[in-house]
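Values in this document were obtained by computation on a predicted structure and should not be read as measured data. Both backbone and side-chain heavy atoms feed into the values below; hydrogens, waters and symmetry mates do not. Quick note on labels: first sequence line is chain A, next is B, and so on, each numbered from 1.
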Protein chains: 2
Amino acid sequence: MARLFIRAIQERIKPLGLSTGTFPVMLALWEKEGQTQRELVQELGVEQATMANTLSRMERDGLVIRRSHEADARVQTVWLTERAWGLREPAIEAATEVNNLATRGMSEQQRTEFTTLMSQVIANLSEV
Amino acid sequence: MARLFIRAIQERIKPLGLSTGTFPVMLALWEKEGQTQRELVQELGVEQATMANTLSRMERDGLVIRRSHEADARVQTVWLTERAWGLREPAIEAATEVNNLATRGMSEQQRTEFTTLMSQVIANLSEV
DNA sequence: TTTCATAATATAGCTTGCTATGCAAATATA
DNA sequence: TATATTTGCATAGCAAGCTATATTATGAAA
């Protein structure tokens with residue numbers, strides 16, 4: 001299911017210059033810009049090394065820039081570029097389309113039940 | 001959810017010398033040995049190149065051997081080693097444990113509903 | 001003040017997914 | 001029969017996940 005979902009969304013956001021690795025980071029930064037790498041790691045639940053590499057690719061591709069923290073030289077804050085801000089609407093539209101496609105034929109109640117159950121699985125597997 | 005699931009299962013089957021990439025291939029071959037690469041690709045829904053690489057690693061690690069087809073020189077059939085056969089019970093046990101862990105706190109009815117809904121999503125996204 | 005531990009990030013090296021492309025064998029067609 | 005197409009598999013190269021380890025800056029302790 002995850003592979004199919006990734007394929008469907010990749011297909012639609014690739015023309016925007018986004019991918020399934022960068023999209024969650026964009027969502028987090030659209031919500032709150034200037035977060036540190038550590039904050040993004042905690043929020044998105046990937047390993048620190050994964051985030052470091054993803055941010056490097058995003059910087060290379062002109063989606064974000066990293067500014068060093070004024071108070072702590074170890075820390076870098078992450079900021080979106082102009083281009084990255086412009087992708088917000090079409091990217092979210094693409095994601096919504098895939099969600100609708102994935103849950104086609106379900107009642108509203110089934111959709112809710114499905115996300116509730118997935119959240120429960122996430123909670124169960126998180127506390128291991 | 002997929003990442004958490006992968007982590008949980010990886011942790012338990014790694015001591016057996018298996019991984020989330022090889023496990024589905026093992027399941028398919030435990031069920032029916034001697035399948036061709038093309039058959040495995042169709043059954044598991046990954047790309048041909050992915051399967052070729054996975055089978056190479058499995059051969060390297062002594063899980064399978066590839067024998068050339070007697071009638072068609074392009075085709076290779078895949079066979080499990082002694083060691084691979086011995087992993088069947090503990091691997092399935094590990095997977096069952098993770099399934100139980102993931103669905104902890106759900107009623108039997110909710111579990112059924114969950115798998116039904118996931119199957120529907122898979123069907124929906126497959127026919128795109 | 002020097003040293004030690006901790007914290008934030010980067011890097012190396014692996015797996016597993018992908019697309020694109022190459023190659024050899026088998027099959028179809030001219 | 002000679003050529004063209006199709007089929008089965010391999011390889012190259014990338015993304016994104018992981019673990020393990022290195023590097024640098026900060027803060028705590030001696």
Side-chain angles (χ1 to χ4, degrees), chain A residues 1-26 35-61 63-78 125, chain B residues 1-26 35-61 63-78 125:
Chain A
M1 189 181 78
R3 282 205 313 271
L4 288 167
F5 196 81
I6 283 171
R7 282 185 213 164
I9 227 181
Q10 197 89 273
E11 190 180 300
R12 285 163 182 79
I13 60 178
K14 194 178 179 182
L16 305 173
L18 296 179
S19 63
T20 49
T22 61
F23 198 179
V25 179
M26 300 288 278
Q35 296 192 65
T36 68
Q37 185 186 112
R38 192 176 138 275
E39 288 170 331
L40 291 169
V41 162
Q42 291 180 325
E43 187 173 346
L44 302 186
V46 296
E47 291 300 318
Q48 175 268 320
T50 301
M51 184 56 70
N53 284 325
T54 299
L55 289 174
S56 292
R57 282 194 304 276
M58 293 176 77
E59 195 164 32
R60 180 200 64 190
D61 297 342
L63 291 170
V64 301
I65 53 169
R66 287 189 264 199
R67 284 193 212 132
S68 48
H69 197 276
E70 63 277 1
D72 188 336
R74 294 170 302 180
V75 180
Q76 293 198 309
T77 55
V78 184
L125 293 179
Chain B
M1 190 181 78
R3 281 204 313 272
L4 288 167
F5 195 81
I6 283 171
R7 282 185 212 165
I9 227 182
Q10 197 89 274
E11 189 179 301
R12 285 162 182 81
I13 61 178
K14 195 178 178 181
L16 304 173
L18 295 179
S19 62
T20 50
T22 61
F23 197 179
V25 179
M26 300 288 278
Q35 297 193 65
T36 67
Q37 186 186 112
R38 192 177 137 275
E39 288 169 331
L40 291 169
V41 162
Q42 291 179 325
E43 188 174 346
L44 302 185
V46 296
E47 291 299 319
Q48 175 268 320
T50 301
M51 183 57 70
N53 284 326
T54 300
L55 289 174
S56 291
R57 282 193 306 275
M58 292 176 77
E59 195 163 33
R60 180 200 64 190
D61 297 341
L63 291 170
V64 300
I65 52 169
R66 289 189 263 199
R67 284 195 213 131
S68 48
H69 198 276
E70 64 277 2
D72 190 334
R74 293 170 303 180
V75 180
Q76 293 197 307
T77 54
V78 184
L125 293 178

Derivation and outcome, side-chain contact (heavy atoms from CB on, under 4.5 Å), residues Q76(A) and Q37(A):
CA-CA 7 Å; Q76(A) 293 198 309; Q37(A) 185 186 112; over 6 Å; no

Kindly write out the residues that satisfy side chain to side chain donor-acceptor pair (under 3.5 Å) with Q42(B), not counting sequence neighbours, or none if the list is empty.
none

Rounded distance in Å - [atom1] ([X]) to [atom2] ([N]):
{"X": "R60(A)", "N": "dA15(D)", "atom1": "CZ", "atom2": "C1'", "answer": "9 Å"}
{"X": "I6(B)", "N": "dC14(C)", "atom1": "CD1", "atom2": "P", "answer": "20 Å"}
{"X": "H69(A)", "N": "dT9(C)", "atom1": "NE2", "atom2": "P", "answer": "10 Å"}
{"X": "K14(B)", "N": "dC18(D)", "atom1": "NZ", "atom2": "C1'", "answer": "8 Å"}
{"X": "I13(A)", "N": "dC18(C)", "atom1": "CD1", "atom2": "C1'", "answer": "14 Å"}
{"X": "D61(B)", "N": "dT15(C)", "atom1": "CG", "atom2": "C1'", "answer": "11 Å"}
{"X": "F23(A)", "N": "dA16(D)", "atom1": "CZ", "atom2": "P", "answer": "13 Å"}

Working to the nearest 0.5 Å, report the span between [atom1] of [X] and [atom2] of [Y].
{"X": "M51(B)", "Y": "R38(B)", "atom1": "CE", "atom2": "CZ", "value": "13.0 Å"}
{"X": "N53(A)", "Y": "E47(A)", "atom1": "CG", "atom2": "CD", "value": "12.0 Å"}
{"X": "I6(B)", "Y": "L125(A)", "atom1": "CD1", "atom2": "CG", "value": "11.5 Å"}

R57(B) vs T22(B) side-chain heavy atoms within contact, under 4.5 Å
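The answer is no; the side chains never approach within 4.5 Å.
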
Counting primed atoms plus P, OP1 and OP2 as sugar-phosphate and everything else as base, spell out the protein contacts along nucleotides 1-11 of chain D at 4.0 Å heavy-atom distance: B, S or - for each nucleotide, 5' to 3'.
------BSBBB

If you assign A73(A) and L18(A) each to the DNA chain D nucleotide with the nearest heavy atom, which residue ends up on the more 5' nucleotide?
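Looking at the nearest nucleotide for each, L18(A) comes out on the 5' side.
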
Could you say whether A71(A) or S19(A) is positioned toward the 5' end of DNA chain D, judged by the nucleotide with the nearest heavy atom to each?
S19(A)

Using atom types as modelled and distance alone, determine if a side-chain donor or acceptor of T77(A) lies under 3.5 Å from a backbone N or O of R67(A).
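Yes: the side chain of T77(A) pairs with the backbone of R67(A).
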
Below 4.0 Å: OP1/OP2 of dC18(C) and any side-chain N or O of R7(A):
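Result: yes.
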
Report yes if at least one side-chain N or O of R57(B) is closer than 4.0 Å to OP1 or OP2 of dT15(C); otherwise report no.
no

